2 protein chains.
Amino acid sequence: MKGTKGFSHIAKKRFELFLDTHDYRKTPERFAVMDELFAHEGHIDADGLFLIMRNKNYSISRATIYNTLDLLEECGLAVKHHFKNKNALYEQSLIYQQHNHLVCNDCNKIKEFSDPRLENIKESVSKELGSKIILHSLVFYGDCTIVDCENKRNEN
Amino acid sequence: MKGTKGFSHIAKKRFELFLDTHDYRKTPERFAVMDELFAHEGHIDADGLFLIMRNKNYSISRATIYNTLDLLEECGLAVKHHFKNKNALYEQSLIYQQHNHLVCNDCNKIKEFSDPRLENIKESVSKELGSKIILHSLVFYGDCTIVDCENKRNEN
DNA sequence: TTACATGCAAACCCTTTGCAATCGT
DNA sequence: ACGATTGCAAAGGGTTTGCATGTAA
């Protein structure tokens, strides 16, 4: 999602409330991970965050990153995705409205879209199969049809 | 998918043709894995197949299972899913029409559904984002609303 | 002060890989 | 017979865990 800059203080408030409520400690590491996730546009994996923070000479361990990402997911500030990769990708979700992903077969870039018709499908399925649907994951995989796409074939 | 019994000879024909075309060898292990996948209703992981076959005293290695599942996926006889699990789940796809999955938050059981409106969404996204969509993955995660659901809370 | 969180490294789990033995063609 | 395929075990890569140290409350 774009345009999330300047919203991290709202995220911080929500995170603090969450930590308070659950009697979790407000450690600097946890806020640092949150900040880094919110500073990053798009999707990133745990190790990506780890490397970025280390490169900034912020001392942190992978274990703490994983732990914090779980907390962020738990309080709805992060969404965890399992695309075809073997590792999980995260994205901040403060202004997350359920959106979906199109993964490009050519360059692996991820585009986002949303479509109201998905809600209709959800409602039908809820009734038919007897489930209160809490979340969904819709991913399309496709070949690029954009002529001279700037992203095309730039994987190494 | 249900009702796939008795279709494995068709699968076998398709697999043989595929192996011939690609100059891959028709080993008994490959057909054994295919048979086992087609004998299994629903989703199963590589290790699940491995254990089933070992329990039948069929001597096979994990490496061969993984290799064969790749081949089956390549020729369209198997579909590989990445749900929230860390391991991949496979299902036979001889009579696979694109269908989608509802994963139960209570018991982890997987139900299937399909909805024609998804095709409409696909068409819109194809045009909007410039992509020829080859495949998709739609998964709903929901809480069971079925009273006295037989599957409810039987995880250990 | 005291229990919870961190950091590190080892353990874990699923999957892939290397190589000698086997077997399809 | 030749070379692809198998089986095994070891390596790999992402994630989790155990434990001593550090630190928020």
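Lettering follows sequence order; numbering is per chain, from 1. Every value quoted in this text rests on a predicted model; they were computed, and no experiment measured them.
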Do R30(B) side-chain atoms and R25(B) backbone N/O form a donor-acceptor pair below 3.5 Å?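 Between the backbone of R25(B) and the side chain of R30(B) there is a qualifying donor-acceptor contact (under 3.5 Å).
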
Short question: side chain of S93(A), backbone of A78(A) - any donor-acceptor pair under 3.5 Å?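 It does hold such a pair.
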
S59(B) and R54(B): CA distance, side-chain angles, deciding distance, side chain to side chain donor-acceptor pair (under 3.5 Å) verdict: CA-CA 6 Å; S59(B) 168; R54(B) 276 291 168 101; 4.9 Å; no

Interatomic distance, [X] [atom1] vs [N] [atom2] [rounded to whole Å]:
| X | N | atom1 | atom2 | answer |
| --- | --- | --- | --- | --- |
| I65(A) | dC8(C) | CD1 | P | 12 Å |
| H82(A) | dT15(C) | NE2 | P | 13 Å |
| L71(B) | dT6(D) | CG | C1' | 13 Å |
| K84(B) | dC13(C) | NZ | P | 22 Å |

Using the closest heavy atom to pick a nucleotide of DNA chain C for each, name whichever of K80(B) or S59(A) lands nearer the 5' end.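 Mapping each residue to its closest nucleotide by heavy atoms, the 5'-most match is S59(A).
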
Any donor-acceptor N or O pair under 3.5 Å, side chains E91(B), H99(B):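 Yes, a side-chain donor-acceptor pair sits under 3.5 Å.
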
Is it the case that the side chains of H82(A) and N87(A) hold a donor-acceptor pair, with the cut-off being a distance below 3.5 Å and no angle test?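 No.
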
Spell out protein contact along nucleotides 20-25 of chain D as letters: B when the base is contacted, S when just the sugar-phosphate is, - when no protein heavy atom is under 4.0 Å; keep the 5' to 3' order. ---BBS

Assign the ring pair F83(A) / H43(A) to parallel, tilted or perpendicular, where the plane angle (0 to 90°) is split at 30° and 60°.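 F83(A) vs H43(A) ring planes: perpendicular.
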
Students often get this wrong, so: under 4.0 angstrom with heavy atoms, is N67(A) touching a base, only sugar-phosphate, or nothing?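 N67(A): backbone/sugar contact only, no base atoms under 4.0 Å.
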
